[in-house]
Structure formats: structure tokens, C-alpha cells
Amino acid sequence: MELGAIGSAKPPAFSFISPIIVSIPIAARKARRSGVARREGFVREPKKDLSRILRTEAAVLGVERKSGSGKHRNLWPRAVLEALDDAIASNRWESALKIFGLLRRQHWYTPKGQTYARLLMMLGKSRQPDMAASLFQIMISEGFKPTLDVYTSLVGAYGHSGLLDKAFETLDEMKTISDYKPDVYTYTILISSCCKLHRFDQIPTLLREMSYLGVECSVVTYNTIIDGYGKAGKLEEMENSLSEMLESGSCLPDIFTMNTVIGAYGKSGEIDKMESWYSEFQHMGIEPDVNTFNILIRSYGLAGMYEKMDAVMKFMEKRFFSPTVVTFNIIIDCFGRMGNIEKMEHFFRSMKYQGLKPNSITYCSLVSGYSKSGFLEKIPLIIRQIENTDVDLDTTFFNSVINAYGQSGDIIIMEEMFSLMKEKKCIPDRITFATMIMAYCKRGMVEAVQELEIKMHQMDEKVLGPS
DNA sequence: ATAGGGTTAG
């Protein structure tokens, strides 16, 4: 089972495998040193010390409770700030705003630009542009003079929540005030919003504007553009941007560039291009990391190239590159798609054996894998298994369960699962409805389809309407 | 300010 043997049997493999061999030891050491594995959930449990966890959790709960009432003006700074961090980090925008309200009433409170910037970005991510706008107003009325990064965050909040016009308006406003001249961060955030909204027409415009104003692109700017084109399947445009970056002379590609580019080619099945860019980047001195290998495994798996998938896995093992939860999830998903249930189960066992904790995504892939091969009887067992762990059943998981029964035509069980989903406080989304509608359609259940379509519209109105 | 795992359809 030598890697070289695989390489010589299949010519293209060699060009890809051999550069890896040379470089892995360094990369492996680096990855371990930089704690990549830990962040990936490789370690069983995060190594926070217990006293901190207890203190924080109690404080957060306490603060969140108090933030509802208007009375408390004398809380411990640290508790409030930690609670705020926690809420922002997990995107709980409603409780973050409540805690922020509490924070503003503390006698020790002084407004900070950073806090505003983080809140604004969070509101953008949660698609709450109105909230972002009023937070900005509150800030002004507090007499706080916004800083450049607060203004940039407002651009991001509008952009990420889909209000591109407002984002551009804010940018124009910034250009007229000398203290808030947009910088490379401002433009990069705006470019990333344009990419997410598929407004690629705006990218050349923004780049021209930048060069006119003397704002130079950074690696991040280029990476953002490359990723935008890559995700949209615009691979030619992606390569053009990559060439521009390489020819710019001002910034060098990094590991983000590498993973973005090979991921884009891998996802679209262009394995040859993926491999040649892989070695190209290596020649430029960029070392692969765990994520790189995850991308390779996934790409080979999607392309049905089992030997190469296996080769990368063996390779990681040999070089002490620890697989992460993500690695296993990818492998399990690929074997499930291929209909290779034995391998799928083998890797699920081996994941647990290595002390890695399956998460909701793992179970989702198992359900899809079983359902693809017609082993529906395994699904209740999985649900029971999850209930014995601290993994939360989530909407996506139920979507895959509902899809499994919908595809097999077990309408009754599908509906039972829909009830169970709501019982477990998982909110159905448009995919849930689309999945069920399909199942009803196949059986010609017209009334049930109409009923669900009404429910779906109601849901849309709830989301789009004023909050 | 950027990459890297999941659910529907086509």
C-alpha cells in the first residue's frame, strides 16, 4: 500500500502525491504547534478550565436574566462583558442587544468603538439591518464619535444582510468625511457582500475605485474575490483574479488562497486542475494544512476516486496529521453517497474509537447514507443514539430524516417526524417544506401540497416583515 | 475583512 504504487498505476496521481511527501513533516509540526487540531474539535473537550466555565456560565445566565428588567445598575463589569462576548460569539443577537442595554446602564460604562463594531457585524450576520441602523443612531445620540471601523462595520451590516444599496450609500457618505476615508477593510467587506449576493458586476467597479483612491488590495481582498468566483462556479474569472494577485507584486498567496482555489476546482470535479494547482502552490512555498487534506478527500470522494481518497487518508496517518471531526464527517458522507455502508459504518466506529465526538452533521450524513441504500430501519436507532448524547437534534438533521421517509414514500412516518421535529423545538425552514411538498407531489396528494405552500408563505412573511 | 463538513430541488 505504498503511495508511490498508487501514483505509478495512475499517472496523474504521481504529480500530486510526490510534492506532498516532501513537505508534510514540516506542515504536520506546524499544524500541531499552531493548535489547528484543537480548534477543529480534534480534542475531546475544549480545554477551558472548569472554574472559568462555571463562573462564566453562571454569570451569563444571571446577566441574561437581569438584562430583561430595567433595574440593575451595579453589576460586575467582567460578568456583563463576558456575557456580551458570549452572546455575540454565538450570534444570539437578541440577547446580545439586551445585555448591551444593561451594559449601557452601568455606572462604570463608557462607550467603546470596538463594542459597537462587533455588535454591528453580528447584526449583519443575523440579517438585522434595521437593528444595525438604530444601534448606529443610538451611538450618535450617546455623543460617541464613530471611528473608521464602526463605519466599516455598518457597511458590513448592510451588505451582509442584503441591503447593498444602503451599504454603498454608507460608503459614499464615508468618502465625504475626511476622518472616515474608506480603507482596504471597508472595500474588502463590501466586495465580500457583493460576492455573497452574486453582484459580480460591482467588483471591477470597486477595484477601479480603490485604485483611484490609492487604496491597495491586500491578500484578503484577493482571497475574497477568488472565493466569490470559485463558489459561484466562475472558474475562469477566478483564475483571472488569481493571476492578477500573483502579478500584482504587492501580495503573495497564502494557505487561504491555496485551499480556496483547490476547493473550487475539487467541488466542480476538475481534479486535474486541482492537482496541478496543488503542486503549483507548493512550489510557491505554501504548506498544506489539515483543511487542505479535508478538501482533497472530499473532492476525490465526490469524484468517486476512492484510491486517491484512501491515499490522502493513509498519508495523513503516516505523517501524524490528526484527522478532525470534519475529516471524518467528510469521509462518512462520501461513503454514504457512494452507497458503501460498510465503509461508512467502519469510519463512524473508528471516529468514536479515536475519541472524536460525532456531531449533528455526522448523524445527518449517516441518515442520508442509510436512506440512499434503503436501510430506513436504521434511522430510529440513530435518533435514539443521539438522545443518549448531548448532541442537539437540529433542523437540518430533521430535514434529512424527513427527506429519507419522503423519498421512500412513507408519508405517515414522515409526518410523525415532522411532529417530533416541532416537539424538539426545531423550527422548520423552507427546505423542510420543500422536501415534504415533493413527497406529497409524488403521491399526488394535492391538498396537502397546497396546505404546506400556504404555511411556507406565512413563514416568508414572518421573516421578511418588520420585526 | 478571507478558506475547510450537513439537509431540498434542478
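Not measured: the values here are computed from a predicted model. Sequence lines set the chain letters: A, B, ... in the order given, protein chains first and strands last, and positions in each chain run from 1.
Nucleotide B/dG5 holds its P atom 13 Å from the CG atom of A/D289, rounded to whole Å. B/dA3 atom P lies 11 Å from atom CG of A/N259, rounded to whole Å. Atom C1' of nucleotide B/dA1 and atom CG of A/L206 are separated by 14 Å, given to the nearest angstrom. If you measure from atom CG of A/N329 to atom P of B/dT7, you get 11 Å, rounded to the nearest angstrom. Atom CD1 in A/I361 sits about 10 Å away from atom C1' in B/dT7, given to the nearest Å. Between the C1' atom of B/dA3 and the CD1 atom of A/I191 lies a distance of 17 Å, rounded to the nearest Å. One can place CZ of A/F328 at 16 Å from P of B/dG6, the figure rounded to the nearest angstrom. Between A/M344 atom CE and B/dG6 atom P the separation is 15 Å, expressed in whole Å.
Base engagement by A/S218 is indicated by at least one non-hydrogen atom pair under 4.0 Å involving a base atom. A/D429 comes within 4.0 angstrom of no nucleic acid atom, judged by non-hydrogen atoms across all strands. At the heavy-atom level, A/T362 lies nowhere under 4.0 Å from the strands shown. Nucleic acid contact class of A/K267 (heavy atoms, under 4.0 Å, all strands): sugar-phosphate only. Among the protein residues, A/S192 comes within range of no part of the nucleic acid, since none of its heavy atoms lies under 4.0 Å from any strand.
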For residues 417-428 of chain A, tabulate all N or O donor-acceptor pairs below 3.5 Å that involve a side-chain atom, not counting sequence neighbours.
residue	atom	partner	partner atom	Å
A/S419	OG	A/E415	O	3.1
A/K424	NZ	A/E387	OE2	3.0

Using distance only, find each side-chain donor-acceptor pair of residues 206-220 of chain A under 3.5 Å and give its atom names and separation, not counting sequence neighbours.
residue	atom	partner	partner atom	Å
A/E209	OE2	A/K175	NZ	2.8
A/E209	OE2	A/Y187	OH	2.7
A/S211	OG	A/R208	O	3.3
A/S218	OG	A/V220	N	3.3
A/S218	OG	A/T221	N	3.3
A/S218	OG	A/T221	OG1	3.1

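Applying the 4.0 Å criterion to OP1 and OP2 of B/dG6, one finds that A/R298 has a side-chain N or O inside that range. Checking the phosphate oxygens (OP1, OP2) of B/dA9, a side-chain nitrogen or oxygen of A/Q407 falls inside 4.0 Å. At the phosphate of B/dT7, OP1 or OP2 sits under 4.0 Å from a side-chain N or O atom of A/R337.
In this structure, of B/dA1, B/dT2, B/dT7, it is B/dT2 that holds the atom nearest to the side chain of A/F256. Ranking B/dA3, B/dG5, B/dT7 by closeness to the A/T396 side chain, first place goes to B/dT7. Minimum atom distance to the side chain of A/N403 is reached by B/dA9, of the listed B/dA9, B/dA3, B/dA1. The side chain of A/D333 sits closest to B/dT7 out of B/dA3, B/dT7, B/dA1. Set against B/dT7, B/dA1, B/dG6, the side chain of A/I431 has B/dT7 as its closest nucleotide. The side chain of A/C364 approaches B/dG6 more closely than any other nucleotide in the set B/dG5, B/dA9, B/dG6. For A/T260, the side-chain atoms get nearest to B/dA3 when compared with the rest of B/dA3, B/dT8, B/dG5. Of all nucleotides listed (B/dG6, B/dG5, B/dA1), B/dG5 comes nearest to the side chain of A/V325.
Ring centroids of A/Y306 and A/F335 are separated by less than 6.0 Å, placing the two rings close together. Remark: aromatic rings of A/Y116 and A/F100 are close, center separation under 6.0 Å. Aromatic ring centres of A/H198 and A/F200: separated by under 6.0 Å.
A donor N or O paired with an acceptor N or O is not found under 3.5 Å between the base of B/dG6 and the side-chain atoms of A/N399. Side-chain N/O atoms of A/S400 and base N/O atoms of B/dG6 include no donor-acceptor pair closer than 3.5 Å. Judged by distance alone, with hydrogens and angles left aside, A/N359 brings a side-chain donor or acceptor within reach of the base of B/dG5, the pair sitting under 3.5 Å.
In terms of heavy atoms, A/S241 sits closest to A/I225 at OG-CG2, 3.5 Å.
Just one residue in the list A/I411, A/I412, A/D410 forms a side chain to side chain contact (heavy atoms under 4.5 Å, CB included) with A/Y405, and that residue is A/D410.
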